[in-house]
Amino acid sequence: SQQGEEDPQALSIQEGENATMNCSYKTSINNLQWYRQNSGRGLVHLILIRSNEREKHSGRLRVTLDTSKKSSSLLITASRAADTASYFCATAPRGSARQLTFGSGTQLTVLP
Amino acid sequence: NAGVTQTPKFQVLKTGQSMTLQCAQDMNHEYMSWYRQDPGMGLRLIHYSVGAGITDQGEVPNGYNVSRSTTEDFPLRLLSAAPSQTSVYFCASSGGGSYYEQYFGPGTRLTVT
C-alpha cells in the first residue's frame, strides 16, 4: 500500500513562480525524503528530513514536516523549466530508516 | 564512480520465461534494494538487503528472488514471468550510519507478453 500520498497529482506553473507539493502519510516515521524523477530516468534524491526536524533548506528547496498532522510539504522557489519532473515523497518507518514507501507523485510542469 | 548500474535497459519476455536483472554499485554501500514502478504510481519495494548474505522481503516479493553474495551486486531473479510483472525495475543503494538517502540506477523496462 502507498504510505505517502502527494497532492496535487499534477501542477503546472510559469517559470519564476514557486511550486508547492504536499505529502501525507499514515504511520510514525524515522525520516521523510523527497525525490525527483525526470521522464524515463531513475530517481534522484533531493532532501531528507528527520522526524525530529521541522524544516530544512537546500538551495531553492524548502521542506517542512508536521508529525502531528503526518504531513510534509516541498517548496521549490523561482522555478525553472529544468524543474519539470515528477516529485515523490518517501517515508521510512521507525526502526527501518532505509525501507522506503513511496507516494504516487506530483507531476510538475514549469512553462517557459 | 559509476554509481548504481543496471542491465539490461530493456527486456521482453514471454510468459513463463525466467531471467535475472543485474544491479551493481561501486560506492561500498551496505544497503541495496529493488523497486518496481507501474504507470502513474510510485515505487514499491520488492526485496532489500542490509549486507552481503542478508536479504529480506519488501511489500511485493511474490514471483521474485534475490541473493547478495557480494557487497557490490544484488541481482533480481524472475522465476516464471507473468504479464503482471510488466513494469520498470529500479535498483537502489544506501550507505551506512545515518546516511539514509538512496541512490538509484537508471532502471530496466521489462515487458512480459
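In what follows, chains are A, B, ... by sequence order, proteins preceding strands, each numbered from 1. Keep in mind that what you see is a predicted model, and the values were worked out from it rather than measured.
- Under the 4.5 Å side-chain contact rule for hydrophobic residues, B/Tyr89 and B/Phe104 do not share a cluster.
- Transitive grouping of hydrophobic side chains (ILVMFWY, heavy atoms separated by less than 4.5 Å) keeps B/Leu110 and B/Val88 in distinct clusters.
- Taking B/Gly58, B/Gly107, B/Ser94 one by one and counting their heavy-atom pairs under 4.5 Å with chain A, the maximum is reached by B/Ser94.
- More than 12 heavy atoms of other residues, nucleotides or ligands shown are found within 6.0 angstrom of CD on A/Glu15.
- Here the straight-line distance linking atom CG of A/Leu46 with atom CD of B/Glu101 works out to 11.5 Å at 0.5 Å rounding.
- At a threshold of 4.5 Å between side-chain heavy atoms, the hydrophobic network of Ile, Leu, Val, Met, Phe, Trp and Tyr places B/Tyr103 and A/Phe88 in two separate groups.
- The hydrophobic cluster around B/Tyr100 extends to A/Leu48, counting ILVMFWY residues whose side-chain heavy atoms fall within less than 4.5 Å of a member.
- Per-residue heavy-atom pair counts under 4.5 Å with chain B were compared for A/Arg41, A/Gln107, A/His45, and the maximum is reached by A/His45.
- By the criterion of side-chain heavy atoms lying less than 4.5 angstrom apart, applied directly or through intervening Ile, Leu, Val, Met, Phe, Trp or Tyr residues, B/Tyr48 is not grouped with B/Val60; the two fall into different hydrophobic clusters.
- Both the backbone and the side chain of A/Gln99 come within less than 4.5 Å of a heavy atom in chain B.
- Contact between B/Leu45 and A/Leu100 at its shortest, heavy atoms only, is CB-O, 4.3 Å.
- In terms of heavy atoms, A/Gln37 sits closest to B/Phe90 at NE2-CZ, 3.5 Å.
- Take A/Tyr87 and apply the ring-ring contact (aromatic ring centres under 6.0 Å, His included) test, not counting sequence neighbours, and it matches no residue.
- In the hydrophobic clustering of this structure, B/Val50 does not group with B/Ile46; members are Ile, Leu, Val, Met, Phe, Trp, Tyr whose side-chain heavy atoms approach within less than 4.5 Å, directly or through other members.
- The interface of residues 19-38 of chain B with chain A, defined by heavy-atom distances below 4.5 Å, comprises B/Tyr31, B/Tyr35, B/Gln37.
- Residues of residues 53-84 of chain A placed with any heavy atom under 4.5 Å of a heavy atom in chain B are absent; none qualify.
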